[in-house]
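In this chain, numbering begins with 1 at the start of the sequence shown.
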Amino acid sequence: MMSSSLPNRTAVAVLLAVGSLFAANHVAARLAFDSQAGLLLAIMCRSGLTLLALIAFVLWQQPRLRLEPGLAKWQIILGVLIALQSLCLYSAVARIPVALALLIGNTFPIMLALLTWLLGGRPPTRRICFLMGLILCGLVLVLDLPAWLSSSGQITPAWRAGVGFAFAAACMFACGLWITEHRLGALPGAVRSLYTILIVFGGMLVAGAAGVVPGGMNPPASSSGWLALLALSVLYATAFSVLFIFVPRLNMARNAPVMNIEPVASLLFGWLLLDQVFGGLQLLGGAVVLGSIVMLAYSRRT
């Protein structure tokens with residue numbers, strides 16, 4: 001069992017690498033979707049490989065897998081929420097630039113703060129309210145709302161749907177975090193993660209068999225699409241496994257905001273591999289959103 005913390009520089013380097021791997025996974029997903037790969041197939045492949053890694057970890061650790069009375073229903077709800085969050089985020093990635101989808105998806109701290117307050121927790125402080133307002137102002141710029149409201153602005157159905165899916169992913173992830181903290185906090189992380197990924201994998205299989213998402217199980221139409229599907233699975237499973245194994249040694253209370261490198265890395269990868277380019281005001285808005293999220297994450301820990 002690993003218990004001692006890594007040197008902080010090493011911990012930050014690990015989190016930067018993990019965030020970049022998650023970003024690369026989403027860029028690979030977009031490449032797979034551009035090659036007609038189905039959403040359900042992509043999530044099933046990445047969750048299946050991650051599930052195998054978790055099974056190996058559980059066999060090594062041998063934790064108690066039986067859930068205490070009352071926890072099973074919350075574990076099922078968590079698994080369903082993460083399955084829907086994965087589907088919504090990939091749906092957003094398939095429609096709008098990857099960095100934009102991740103920036104919107106990373107607004108989940110706002111939803112979590114409001115949800116915690118609505119369910120009886122402490123209300124947000126003035127500082128947190130100010131930072132949440134900054135995030136919303138940054139989103140106005142990064143979504144290029146001024147252009148939308150002008151005569152030259154064009155709002156396509158795919159763009160609207162992608163933005164909506166990204167916001168839905170943020171809401172579902174916030175709900176999942178609330179359940180993890182307030183209902184499943186006593187459950188060992190290995191057990192909770194195993195059951196969650198198992199539910200995600202099973203949910204994609206059932207949804208695919210039932211034809212819930214049209215074309216959801218379509219295979220890629222090209223060899224490059226298959227390579228992208230393989231890449232997104234390996235990248236996600238590697239990032240998840242490294243984060244899961246090393247999280248007790250990464251001093252997450254201090255270093256968790258480092259994970260916000262993901263939208264920044266996706267911006268770079270999207271530019272290099274997908275030719276996705278943002279305007280100056282959008283980049284400014286992205287910087288405001290990202291900086292405010294980092295400060296909000298630190299505020300919740302102080």
Side-chain angles (χ1 to χ4, degrees), residues 12-31 33 42 46 82 85-113 131-145 159 162-174 176-177 231-232 235-236 238-240 242-243 252 255-300:
V12 168
V14 170
L15 289 173
L16 287 173
V18 167
S20 298
L21 287 173
F22 277 128
N25 141 73
H26 287 101
V27 171
R30 178 58 182 261
L31 290 170
F33 299 147
R46 80 170 197 183
I82 297 304
Q85 184 262 348
S86 299
L87 185 57
C88 285
L89 189 55
Y90 266 11
S91 296
V93 165
R95 290 168 170 83
I96 59 178
V98 177
L100 176 58
L102 295 181
L103 274 174
I104 298 174
N106 274 21
T107 60
F108 68 85
I110 294 180
M111 288 70 165
L112 181 58
L131 291 173
M132 290 193 296
L134 274 182
I135 291 172
L136 294 178
C137 290
L139 284 175
V140 169
L141 295 177
V142 80
L143 291 173
D144 205 12
L145 290 184
W159 186 273
V163 170
F165 277 125
F167 273 116
C171 292
M172 290 174 190
F173 192 57
L177 288 178
L232 75 88
L235 289 166
Y236 183 87
T238 301
F240 187 95
V242 170
L243 183 61
M252 293 298 286
N255 295 323
V258 176
M259 286 292 293
N260 287 293
I261 188 64
E262 185 178 354
V264 178
S266 68
L267 184 65
L268 175 61
F269 295 150
W271 172 60
L272 290 173
L273 300 175
L274 301 172
D275 293 325
Q276 294 178 347
V277 181
F278 288 85
L281 279 179
Q282 289 180 297
L283 291 174
L284 175 61
V288 171
V289 172
L290 188 61
S292 300
I293 287 172
V294 172
M295 287 189 286
L296 180 60
Y298 276 120
S299 294
R300 291 177 58 82

- Message: Using side-chain heavy atoms (C-beta onward) and a distance below 4.5 Å, is Arg46 in contact with Tyr90?
- Response: yes
- Are Val264 and Ile261 side-chain neighbours, meaning at least one heavy-atom pair lies under 4.5 Å? yes
- Item | For Ala101 against Ala92, the heavy-atom pair lying closest together | CB-CB, 4.0 Å
- Does a side-chain heavy-atom distance below 4.5 Å link Phe165 with Ile96? no
- With side chains defined as the heavy atoms from C-beta onward, is the minimum distance between Leu21 and Tyr236 less than 4.5 Å? no
- Message: For a side-chain contact (heavy atoms from CB on, under 4.5 Å) check, start with the C-alpha distance between Phe173 and Leu177, then their side-chain angles and the critical distance, and finish with the verdict.
- Response: CA-CA 6 Å; Phe173 192 57; Leu177 288 178; 3.8 Å; yes
- Query: What are the two closest non-hydrogen atoms of Leu103 and Val289, and how far apart are they?
  - Reply: CD2-CG1, 4.0 Å
- Task: Identify the heavy atoms of Ile135 and Ser292 that sit nearest to each other, and give their distance.
- Result: CG1-CB, 3.4 Å
- Query: Measuring from Ile82:CD1 to Leu87:CG, what's the distance to the nearest 0.5 Å?
  - Reply: 12.5 Å
- How many angstroms lie between OG in Ser20 and CG in Leu15, if you round to the nearest 0.5 Å? 10.5 Å
- Quick one: CG on Leu273 to OG on Ser266, what's the gap to the nearest 0.5 Å? 11.5 Å
- Leu89 and His26, any side-chain heavy atoms less than 4.5 Å apart: yes
- Item | Euclidean distance, Leu136 CG relative to Leu131 CG, rounded to 0.5 Å | 11.0 Å
- Item | Minimal non-hydrogen separation, Ala170 against Met111, with atom names | CB-CE, 4.0 Å
- Query: Would you call Phe33 and Arg95 a side-chain contact if the rule is heavy atoms closer than 4.5 Å?
  - Reply: no
- Query: Would you call Leu139 and Phe167 a side-chain contact if the rule is heavy atoms closer than 4.5 Å?
  - Reply: yes
- Find the distance between CG (Leu102) and CD (Glu262) and round it off to the nearest 0.5 Å. 5.0 Å
- Message: I need the minimum non-hydrogen distance between Val18 and Met259, along with the two atoms involved.
- Response: CG1-CE, 3.9 Å
- Are Val98 and Phe269 close enough that some pair of their side-chain heavy atoms sits under 4.5 Å apart? no
- Note on the structure: Nearest heavy-atom approach of Thr107 to Ile293 is N-CD1, 4.4 Å
- CZ-OG1 distance between Phe22 and Thr238, expressed to the nearest 0.5 angstrom: 10.0 Å
